[in-house]
Structure formats: C-alpha cells, structure tokens
There are 2 protein chains.
Amino acid sequence: MTTTPIATTASAAPHAAAKATAPAADLARPDGSPVRVLVVDDETPLADLLSMALRYEGWQVRTEGDGASALRAARESRPDAVVLDVMLPDMDGLEVLARLRRETPDVPVLFLTAKDAVEDRIAGLTAGGDDYVTKPFSLEEVVARLRGLLRRSGAAAVRNESLLTVGDLVLNEDSHEVSRGGVGIHLTATEFELLRYLMRNPRRVLSKAQILDRVWSYDFGGQANVVELYISYLRRKIDVGRPPMIHTRRGAGYLIKPAEAA
Amino acid sequence: MTTTPIATTASAAPHAAAKATAPAADLARPDGSPVRVLVVDDETPLADLLSMALRYEGWQVRTEGDGASALRAARESRPDAVVLDVMLPDMDGLEVLARLRRETPDVPVLFLTAKDAVEDRIAGLTAGGDDYVTKPFSLEEVVARLRGLLRRSGAAAVRNESLLTVGDLVLNEDSHEVSRGGVGIHLTATEFELLRYLMRNPRRVLSKAQILDRVWSYDFGGQANVVELYISYLRRKIDVGRPPMIHTRRGAGYLIKPAEAA
DNA sequence: GCGCATTCTCAGACGATTCACAGAATCGGC
DNA sequence: GCCGATTCTGTGAATCGTCTGAGAATGCGC
C-alpha cells in the first residue's frame, strides 16, 4: 500500500531541498519516558502519515485499524492520548469513545472527522476536554492539537508553554494571538500555522517542501510557490519597517530568528 | 543486480581523483559499532559511487537493486538509514517506503529523485522526518543529509553537533550560517558546500579533483578551474584582511586550518 | 444569499548565482 | 634572477530562484 495519497508540488530546489526538523520530544511523561499515542484509523496511508509525523515528535505511536482492536490496544498499552477517526469499519467513533471512557476515563481524544460531519455530533466533545480536527488536515494542526491535549491532561510534563517566543515576536497557541514588540498582529489561519511552524524551529532552515508537507493539508495539490507567497504575506505583517526576522536561504529554504541588533 | 553485501570501513585514502578524505566515522551506533546504511538503486554506477562515498564515511554499506530485495535486506540487516531511489524496476519508491515503514517504522529514509519528478511524488515524505535529494546530486550533499537524518533519528550517538568549527571559523549546518570571529558571513549554496567540505577535513590537503568530485554534482562537465574560482570567492569572504585559513599547496590542492598566531 | 476575507494561480520582474574565458600574478626550479 | 607552470581574479553572460501584483475562485459570517 502506498503511504501517500498526496499529490503535491514540492519545491524545486536544486541543491538543498528538504531538511528535517528538530526531534522535538519536548513533551514527555512525568517519569521521563516518551509519550504514548494511539492512532486509530482504517485508512492505511493516512495512519502511516500520522504515525510518521507523531513519531517524529518523539512520541511512541501505535496504530490500529478498527474500533475493537483500538479498545484492546488502549487497555493493553494505556496511551497518553488517542487520535481517533470517527469513521471506522466496525463501530461508530462515538461508540468507541464511550467504551474508551469506561476503560481509561482520563485519556484525551483527538477526533478526525470529515468536514461536513462536524455539526451536531462532534459538538460537545470539546467540553469534555477532547478536541477534533477536520479532514483534510495539516500535520501542524494535528500535532498542535495533540500537544494541547497532552499539556492540559497533565499526562505529559509541562515543559512546554503555549507561548512561542522568538526575539520580540510572541505567538500564543491558545489564543492564536501574535504580537511583535508588544503590538498585536492579525494573521489568517494559514499565516498563523506557517509562522508557528517557523517559530517552533527557530534558526533552522526549513525547505519549501517541508513547509508544504507540514503546514498545508495532505491533499493539497497546488503549486509549491504558495509557500513563497505566504512567506511574503508574513513578511509584510511581521518584518515590514523593522529589522527582518524571516530570512531566505536561497536554494535551501527559509528560517526565522531574532532580529539582528545591527 | 548490484548486490554488495559487503561491510567495510574505509581506511586507505587512495590516489588522485578518488575520495581520499578523513575516515570520519564520527557517527556511530550507541554501542559503538559502525552505522549501517542500505542503498537501494538500480543504476549500478550510481549505487557504486554512493556506496564508496558512504563507506568512506566509516559506515557499513549494503546495496540492493530492486524493491523486493531491499525489503528483504532491511528485514535482515536492520539498517540505521536507507538511501532509496524512487524509481525502481519492480516497484514504486513510495510503495517500498510504505512497506519499509511497516517492517522498521523508525528507520529514516533519504530519497533520490529526478528533479522534475519532485513535484507531485515526493510530497509528504519530509513530514516524517525523511529527506530527499534531487539528481544530479553532489556527494557532499548526500552525506550531509544522511548525517542529518542519523543525527536526528538518534540511531547514531550524538557525538556530532551540527556545528563545524575550525579556529574562529564556525559553520552551522542547521541554519546554514557561517561566521568568523563572531561576525556573520553570507555564503552562496556552492560556497557553503565547499567550505563545509574543507572544514570537515581540516589540516588535510584536498585536491581539486577531490573537491570537484565531492562538492559538484556527479554530472558536472565544466572547467576544472571552478574550484579555483570558488576558493577565490571563499578567501574574499573569509580570509580577507586577517590571517588566512585557506592555504594553497601548489600542485597538490588546498587545505584549511586555524589561522597562525603570527 | 450577499459581501468581505481568504486562499491560491499565474506570470513578469528582479536580483543573485554560477560559470567560462582570459589576462595578471605568483611560485618553484634551475 | 629567469622561465614555464600554476594559480588567482576581473569581466560578463546566461541561468536560476525568489518575490510580488493582479485577479479568479472559494469559503465564511451575517
């Protein structure tokens, strides 16, 4: 089976192209062991994509393809969080949730759901501390949500605040507020995710392909230069008229760092 | 086809145009044994070129020419990293990836791909921390990427930060930044790779042929004096107005070393 | 259902980079 | 000190990568 249903333009960078990111692992269980995540999805390519991305966060991932196995797995391995597709072959996602709750009452769940199905069914989930993401999602988003869940559940040691800071630029993941030098900046959803990704990897060159893979949803099939475009947008809002923080590494990608004193 | 289940550390640095670099081996597995790399490519000359270069890094290399054998090899020898040509005779590169993932979920993969094929096929690959390089590539680039993957995967003991230092000259592989005496220096992509190669082999004479083989892509057909030209560029940016670090060994090549006190 | 916000494509402009060529400078041997 | 070989570097042209404006398409809130 193929791992990637994706079709995308990646960057056309001759020399440097992609460079992987930091193995974050800045979330860990209280005893220091890696966070355990259970991914439940019957679409193999998607499950693979997710598990790759989550492993890359330094988490321990186990995947299951249906509700029954998921429940068994949860019982056995006691995950710190669950990623659960609401559409499963054998049973309904909410059904799984209910049973899960009976087994492991405190584990936070991140639901994956089709966009139109959100309506009445998923509402109320967030009240219980759970969260959801609509397909097609971006990996940045899934990871961010999962981090949020883990942080709030207390399962993971809170090494990580929801504030990202690079120089005088501050991004609040909870409120989605961004400011530079104390002055608020309005960003669109995409701009926000792009900036978050950059700020989570300060002083590290991120290739256009990486950015695309991470910030855009997995089914994005467009031109790679959206990345250039959004970098351009961000610069207008963040760097305009002050020492720049977003830098281009020609042929390699982009990086963000505190503005130079000079 | 080409199946070289050999395993060797390079030791001797032969003559001329070959790669006679340092037997680096500064990356090793946690238990101290050499890093194991699986190269999967059906183009024999390319596979040979790669395996020579990687062996010379002190790594243990095994090469396979098709997907099926590659999977078998991966299962048997449990490599620490895989170099995978996306175009294979029997099966698609992504197919191989997916199966590989199921066998050995955590092994990082470096993809080799034609430049124009990058577009829609490679997407999603960098998401899991994997990386890719477009053909024609330079050996320096492949090795650097592979190092990056190994370093981040944790398979290799982290003896090696992404910082290269020679005297007061510092090169950061993550941010692609270079500075001498604390002052930032802007380098182009080619200059950067050349300097990286020099700095990885301090106090060692590197011939123009070696440099060409290593820093320029394998299909470069131009004049050999590009090397002189780029050395000249580097000197202007690095050595100008201070004790020189880049030295010419007439008739032999170039070397870099900390500036003399005198 | 209307209008504003957002996302994205396309294509031209611009600047940076790479490289060939050729003459100038330097070195080493005699 | 002279000569040939080697290395250095200025010039310029072609190419490549990035940036950005204009506007079409889509989505979202009211």
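Just so we're on the same page: letters track the sequence lines, and every chain starts at 1.
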Worked check of salt bridge (Lys or Arg N to Asp or Glu O under 4.0 Å) between B:Lys135 and B:Asp219: CA-CA 9 Å; B:Lys135 293 194 231 180; B:Asp219 71 341; over 6 Å; no
Selection: residues 248-255 of chain B, any non-hydrogen atom under 4.0 Å of DNA chain D: B:Thr248, B:Arg250, B:Gly251, B:Tyr254
Any B:Lys208 side-chain nitrogen or oxygen under 4.0 Å from OP1 or OP2 of D:dT7: yes
Near-ring test A:Tyr230/A:Trp216, centroid separation under 6.0 angstrom: yes
Phosphate-side-chain proximity, B:Thr190 and C:dT18, N/O vs OP1/OP2 below 4.0 Å: yes
OP1 or OP2 of C:dC10 under 4.0 Å from side-chain N/O of A:Gln223: yes
Side-chain N,O (B:Trp216) to OP1/OP2 (C:dC19) below 4.0 Å: yes
A:Arg235 vs D:dT18: side-chain N/O to OP1/OP2 distance below 4.0 Å: no
Test item: A:Val227 and A:Tyr254 side chains (from C-beta on) under 4.5 Å apart, heavy atoms: yes
Residues in contact with DNA chain D, drawn from residues 225-233 of chain B - heavy-atom cutoff 4.0 Å: B:Asn225, B:Glu228, B:Leu229, B:Ser232
Phosphate OP1/OP2 of C:dT6 contacted by A:His186 side-chain N/O (<4.0 Å): yes
Axis deviation across the helix from C:dG1-D:dC30 to C:dC30-D:dG1, five-pair ends, to the nearest 10°: 50°
